[in-house]
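Letters go in sequence order (proteins before strands), and every chain restarts at 1.
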2 protein chains.
Amino acid sequence: MDQRAFWTCTARPMTTPNISNDSGSPSNVPEVVIQRLPLYVRALSQFSDSGNNVISSEQLGRRLQMTPAQIRKDLSYFGRFGKQGRGYNVASLEQRLRSILGLDRAWNTTVIGMGRLGRAVVSYPGFAPEGFNIVAAFDADDDIVGQTISGLDVQSISALSEIVKEKDIKIGIVTVPVEHAQEVIDALVDAGIKSILNYAPLSPKVPDGVTVRGIDPVLSLQSMTYYINE
Amino acid sequence: MDQRAFWTCTARPMTTPNISNDSGSPSNVPEVVIQRLPLYVRALSQFSDSGNNVISSEQLGRRLQMTPAQIRKDLSYFGRFGKQGRGYNVASLEQRLRSILGLDRAWNTTVIGMGRLGRAVVSYPGFAPEGFNIVAAFDADDDIVGQTISGLDVQSISALSEIVKEKDIKIGIVTVPVEHAQEVIDALVDAGIKSILNYAPLSPKVPDGVTVRGIDPVLSLQSMTYYINE
DNA sequence: TGACCTTTGTGATACAAAGCACACATGGAC
DNA sequence: GTCCATGTGTGCTTTGTATCACAAAGGTCA
């Protein structure tokens with residue numbers, strides 16, 4: 001395999017579990033900041049639902065349990081969105097942030113691995129409302145290929161590359177058993193995918209420019225137990 | 001050289017999405033370090049499966065995509081486990097780390113919210129082998145209370161506190177809809193739970209000394225889209 | 001035994017991110 | 001128009017963490 005760096009995570013010395021961003025991306029914005037933007041979007045969306053037009057960094061900070069200064073600093077990486085003495089326009093800040101993150105459009109995604117976990121993922125109703133459409137499903141098992149699950153025809157992994165191009169899929173969601181995860185991720189990368197959401201319990205190697213985020217509840221539990229005693 | 005790790009979330013003074021550890025814990029060990037330990041445990045376990053007795057920080061670092069120095073530094077917070085010129089004994093280091101994390105015992109957990117997501121969680125086969133036993137299930141809906149799901153009798157949330165004590169439950173897993181998540185988390189805290197795994201898309205408020213880890217695939221996707229273009 | 005090689009453990013250093021504090025816009029009151 | 005209250009945007013300071021670099025420790029073999 002090639003030995004370009006695989007580094008992960010962040011542009012930063014953050015080295016946080018389950019996040020791997022190789023963003024060789026020139027983006028001078030720290031990765032941690034990018035990760036907080038969706039939180040702001042979510043909070044703003046809730047705020048506007050409750051009928052508010054304007055919000056201060058203080059209010060937003062109280063809701064998200066962070067300091068107002070950090071929020072202002074984060075936003076300042078992208079421009080000046082607030083009015084002094086007044087605060088931020090809720091709707092317009094939300095819109096600006098969505099645009100920065102690329103959330104003002106829909107994204108086609110695919111799930112690879114149609115076992116128990118993959119089925120749960122494709123039937124999870126939380127993705128579509130946020131613009132993440134699962135448009136293809138794959139599996140390696142011939143007994144599963146050909147089935148229709150949640151309206152998706154399960155296809156053979158050998159067709160991955162072709163379908164990715166055909167359907168303009170930009171994000172891969174990996175739900176295969178851990179022993180096949182690296183090869184599936186390699187296949188996604190070969191197919192040109194740059195963003196991978198990985199449910200398998202491993203730290204995959206990916207080339208620069210590919211971002212991987214891991215979802216690993218066991219890891220989360222295992223680090224919490226440390227704090228239970230003391 | 002640059003390096004990185006990946007996986008879930010982060011630490012305290014860092015305010016990273018999905019992690020909130022207030023642990024007023026006196027532990028002088030940085031939270032990020034605690035979060036990396038389970039990665040080491042996992043890698044060591046794989047190593048010993050492949051028949052190796054000894055591993056160097058360099059080998060471990062290669063596998064986990066991080067610098068050897070960071071691994072040695074992390075370990076040094078807890079003691080001296082290696083032999084110079086040789087490396088670490090795989091089995092014994094794994095055992096020591098498990099002990100530090102509290103993984104050398106089993107933990108009783110409960111899932112609150114028996115909707116689609118909760119059912120997926122209780123039937124997920126990845127928890128038990130790691131010592132996390134789900135011993136109770138709760139829901140607020142009277143139609144669901146009384147059902148048996150994956151061998152668990154679903155109980156009313158009103159019985160939460162009682163059952164937590166009766167079954168010595170130490171960890172709560174929250175899979176209720178977001179609009180009820182904060183109240184359920186409050187109830188867990190009232191019941192004496194100190195560790196919460198939260199699947200609901202919000203940043204819950206918890207008192208000092210309670211650790212919350214969030215599992216939020218949508219947030220992960222939303223921060224990845226930023227890097228797709230550029 | 002001692003020369004040599006490897007790999008640890010750790011003080012010192014570099015750097016990134018968080019928080020502080022204040023200058024300065026802005027809007028409202030009068 | 002002037003004054004005041006409010007809350008942004010940001011340079012500077014502090015904090016936290018990753019990395020460097022090297023002394024000391026163990027192993028090996030002549």
Side-chain angles (χ1 to χ4, degrees), chain A residues 5 7-17 19 21 23 27-37 40 52-62 64-90 92-93 96, chain B residues 1-6 9-17 19-21 23 27-37 40 52-62 64-90 92-93 96:
Chain A
W7 321 133
T8 331
C9 226
T10 318
R12 97 86 236 342
M14 179 169 73
T15 316
T16 298
I19 296 276
N21 163 25
S23 128
S27 172
N28 38 353
V29 182
E31 162 91 16
V32 251
V33 173
I34 300 300
Q35 287 184 57
R36 282 191 293 259
L37 297 189
Y40 302 157
N52 297 289
N53 292 327
V54 172
I55 189 173
S56 69
S57 57
E58 160 115 28
Q59 292 172 289
L60 194 50
R62 207 172 319 121
L64 292 172
Q65 312 276 268
M66 47 200 293
T67 64
Q70 179 160 63
I71 292 171
R72 295 199 300 273
K73 192 60 149 291
D74 284 355
L75 296 179
S76 77
Y77 281 104
F78 304 97
R80 313 170 59 135
F81 308 111
K83 275 212 176 76
Q84 275 130 328
R86 201 107 190 83
Y88 302 89
N89 178 297
V90 177
S92 113
L93 180 57
R96 293 302 301 292
Chain B
M1 158 139 111
D2 175 30
Q3 70 74 162
R4 251 69 277 203
F6 15 55
C9 292
T10 305
R12 214 25 233 304
M14 198 157 57
T15 315
T16 296
I19 294 278
S20 106
N21 163 24
S23 125
S27 170
N28 39 352
V29 182
E31 162 93 16
V32 252
V33 173
I34 299 301
Q35 287 183 58
R36 282 190 294 259
L37 297 189
Y40 301 157
N52 296 288
N53 292 327
V54 172
I55 190 174
S56 68
S57 57
E58 160 112 29
Q59 291 172 290
L60 193 50
R62 207 171 320 121
L64 292 171
Q65 312 284 261
M66 47 200 291
T67 64
Q70 179 160 65
I71 293 171
R72 295 199 301 273
K73 186 71 151 210
D74 284 356
L75 296 179
S76 78
Y77 281 104
F78 303 97
R80 313 172 59 136
F81 307 110
K83 277 210 175 76
Q84 277 117 328
R86 200 114 186 81
Y88 302 88
N89 177 297
V90 177
S92 112
L93 180 58
R96 299 290 260 99

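Under the 3.5 Å distance criterion, the side-chain polar atoms of B:Q59 are matched with a main-chain donor or acceptor of B:S56.
Regarding B:N28, its CG atom lies at a distance of 12 Å from the P atom of D:dG16, rounded to whole Å. Distance CE (A:M66) to C1' (C:dA18): 10 Å, rounded to an integer number of Å. The interatomic distance linking B:R72 (CZ) with D:dA18 (P) rounds to 15 Å, in whole Å. Taking atom CD1 of A:I71 as the reference point, atom C1' of D:dG9 lies 14 Å away to the nearest angstrom. Rounded to whole Å, the distance from CD on A:Q70 to C1' on C:dA21 is 17 Å. Atom pair B:L60:CG and C:dG9:P shows a separation of 12 Å (rounding to whole Å applied). What separates CZ of A:R80 from C1' of C:dA23 is a distance of 12 Å, to the nearest Å. The interatomic distance linking B:E31 (CD) with C:dA18 (P) rounds to 14 Å, in whole Å.
Listed by first and then second residue, the side-chain hydrogen bond (donor to acceptor under 3.5 Å, both in side chains) pairs that reach into residues 78-89 of chain A come to none, sequence neighbours excluded. For residues 65-75 of chain A, every residue pair satisfying the salt bridge (charged side-chain N to carboxylate O under 4.0 Å, His left out) rule, not counting sequence neighbours, is listed here: A:R36-A:D74.
Scanning atom types as modelled, no donor and acceptor separated by under 3.5 angstrom connect the side chain of A:K73 and the base of D:dT10.
Here B:I55 contributes atom CD1 and B:I71 contributes atom CD1; the two are 8.0 Å apart, rounded to the nearest 0.5 Å. One distance of note links CG of B:L64 with OG of B:S57; it measures 11.5 Å at 0.5 Å rounding.
Within the 4.0 Å cut-off from OP1 or OP2 of C:dA17, not a single side-chain nitrogen or oxygen of A:R36 is found. For A:T67, a side-chain nitrogen or oxygen approaches OP1 or OP2 of C:dG19 to under 4.0 Å.
Looking at the side chain of B:S56, the nearest of the listed nucleotides C:dT7, C:dA17, C:dG9 is C:dT7.
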Inset, instruction - Treat primed atoms plus P, OP1 and OP2 as sugar-phosphate and everything else as base, then score nucleotides 25-30 of chain C 5' to 3': B for base contact with protein heavy atoms under 4.0 Å, S for sugar-phosphate contact only, - for none. - result: BBS---

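Residues satisfying the side chain to side chain contact (heavy atoms under 4.5 Å, CB included) test with B:N52, not counting sequence neighbours, are B:F47, B:S50.
Between A:Y40 and A:L75, the shortest heavy-atom contact is CD1-CD2, 4.3 Å.
When the nearest nucleotides of DNA chain C are assigned to A:A69 and B:Y88 by heavy-atom distance, the more 5′-ward of the two goes with B:Y88.
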